[in-house]
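Notes for the one structure printed next.
Computed over heavy atoms, backbone and side chain alike; hydrogens, waters and symmetry mates excluded. In the text below, chain A, chain B and the rest are named by the order of the sequence lines, each starting its count at 1.
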2 protein chains.
Amino acid sequence: MSLDLQLNRFLPYRLNILSKKVSLALATRYQERFGLSIPEWRVLATLGQEQPLSSNDIVERTAMDKAKVSRAVNRLVAAGLLDRQPHPRDQRLLRLSFSARGRDLYAQVAPEALAWEAQLLSVLTDTERAQLWALMEKLEQRVAEEIPESVPLSDSLD
Amino acid sequence: MSLDLQLNRFLPYRLNILSKKVSLALATRYQERFGLSIPEWRVLATLGQEQPLSSNDIVERTAMDKAKVSRAVNRLVAAGLLDRQPHPRDQRLLRLSFSARGRDLYAQVAPEALAWEAQLLSVLTDTERAQLWALMEKLEQRVAEEIPESVPLSDSLD
DNA sequence: CTTATAACGTTTCATTTGAAACGATAAAAC
DNA sequence: GTTTTATCGTTTCAAATGAAACGTTATAAG
């Protein structure tokens, strides 16, 4: 009655494990070397691409819920890594941007994150890397069709 | 100073999102149709392959920590889906196995999980599917080298 | 203008989390 | 045989989580 279901060959399960391992390995580095949690790191990375942003902009770009972003931003502001200013035209919005220290820190973290990723991807050839992106893209699109777009991507559905 | 880090092209981040989406889509089904959480489903799937097992066997096979397994097993026993008997030779161990109802439920859930996976994978050709497994395998092996084998795979490193 | 509705970010609160402590049993060392 | 050490599963506890409620500000409708 095994019904042919092998957990090791069940994509959702394997994907979860791979994702966890990657997150864990990287999170350990953020934490040890820079004292950053993953949500904090993601906020920084998002601001690294565009500045200033509102908290809501970050929510949209990172697939984190707004409570989590709010907390991460608060910690970063408290740590002196971000500046938080009211938006001149819309008082509901915050204008988040790097402080001098935040910019410096990011200039250190980002290259290291990229180097780590490169090291991870070094087991793949260029062709394989391209394949990986393409495959993930396809799967993500397919699975997105099943999820009501409003549903937030919670953690720990595990 | 963007440092060339694009979150959308950053593997740990994209992997996390894909994994979340897949888990969410599937978890919604388990929950709605069978009232199962993912840990509960994993316990069932593990027992579907081999029976009886101890809680610890399940911990080893699922990459879940023992507290989570303990809770999932308790819920399943309480729901009348599992039988829990003391091991005759080692009183520390539990012998977990399907109850009649558990077996019936699993006979319903498992084919559905497989069908769902098949539907997800239907966007890929056979070749692509093989590639996907191979790529994931390589990455997992590579990243495992960085993780002290003792470290458990927590959720929500996010 | 006034009222109703919507959007933003924070906070609250019940739940989930996993590391560590725990009691109980077994195995190993002496 | 006694003591020490290790293993199993549960429970405890502090921290993280996220849905919902909230206060505030802006926009739309009347």
Would you jot down, in residue-number order, the residues of residues 79-93 of chain A having a non-hydrogen atom under 4.0 Å from DNA chain D? A/R89, A/D90, A/Q91, A/R92
Whole-Å distance between D/dT17 C1' and B/K68 NZ? 12 Å
Nearest-Å distance, CG (A/D65) to P (D/dA16)? 14 Å
side-chain contact (heavy atoms from CB on, under 4.5 Å) evaluation trace for A/L36 with A/L105: CA-CA 10 Å; A/L36 295 174; A/L105 181 69; 4.2 Å; yes
Between B/Q131 and A/L135, does the side-chain contact (heavy atoms from CB on, under 4.5 Å) criterion hold? Intermediate values first, please. CA-CA 9 Å; B/Q131 283 172 0; A/L135 294 171; 4.1 Å; yes
From CE of A/M64 across to P of D/dA19 the rounded distance in Å is 14 Å
D/dT7 P sits how many Å from B/D57 CG, rounded? 15 Å
Work out which heavy atom in B/I17 is nearest to a heavy atom in A/E140; give both atom names and the distance. CG2-OE2, 3.6 Å
Using distance alone, with no hydrogens and no angle criterion, decide if A/N74 and A/R84 have a side-chain donor and acceptor under 3.5 Å apart. yes
Rounding to a whole Å, what distance do you find between B/L94:CG and C/dA26:P? 12 Å
For B/L76 and B/L44, what are the C-alpha separation, side-chain angles and deciding distance, and is it a side-chain contact (heavy atoms from CB on, under 4.5 Å)? CA-CA 9 Å; B/L76 291 170; B/L44 292 183; 4.1 Å; yes
I need the minimum non-hydrogen distance between A/V109 and A/W41, along with the two atoms involved. CG1-CZ3, 3.5 Å
What integer distance in Å separates B/I58:CD1 from D/dT10:C1'? 15 Å
Close N/O contacts between protein and nucleotides 11-14 of chain D (under 3.5 Å):
unit_1 : atom_1 : unit_2 : atom_2 : d
D/dT12 : O4     : B/R71  : NH2    : 2.9

Once you round it to whole Å, what is the distance between P of C/dT10 and CG of A/L96? 8 Å
Indicate, with yes or no, if B/L18 and A/Y13 share a hydrophobic cluster defined by side-chain heavy-atom contacts under 4.5 Å among Ile, Leu, Val, Met, Phe, Trp and Tyr. yes
Considering non-hydrogen atoms only, spot the tightest contact between A/R75 and A/S37 and give its length. NH2-OG, 3.9 Å
Should the pair B/E32-B/R29 be classified as a salt bridge under the 4.0 Å nitrogen-to-oxygen rule? no
Axis-to-axis angle across the helix from C/dC1-D/dG30 to C/dC30-D/dG1, five pairs each end, nearest 10 degrees, ~ 10°
Kindly give the heavy-atom pair with the smallest separation between B/A63 and A/K20, and that separation in Å. O-NZ, 4.0 Å
Rounded to whole angstrom units, what separation is found between the CG atom of B/N56 and the P atom of D/dA6? 16 Å
Tell me yes or no: between the side chains of B/S19 and B/N16, is some donor less than 3.5 Å from an acceptor? no
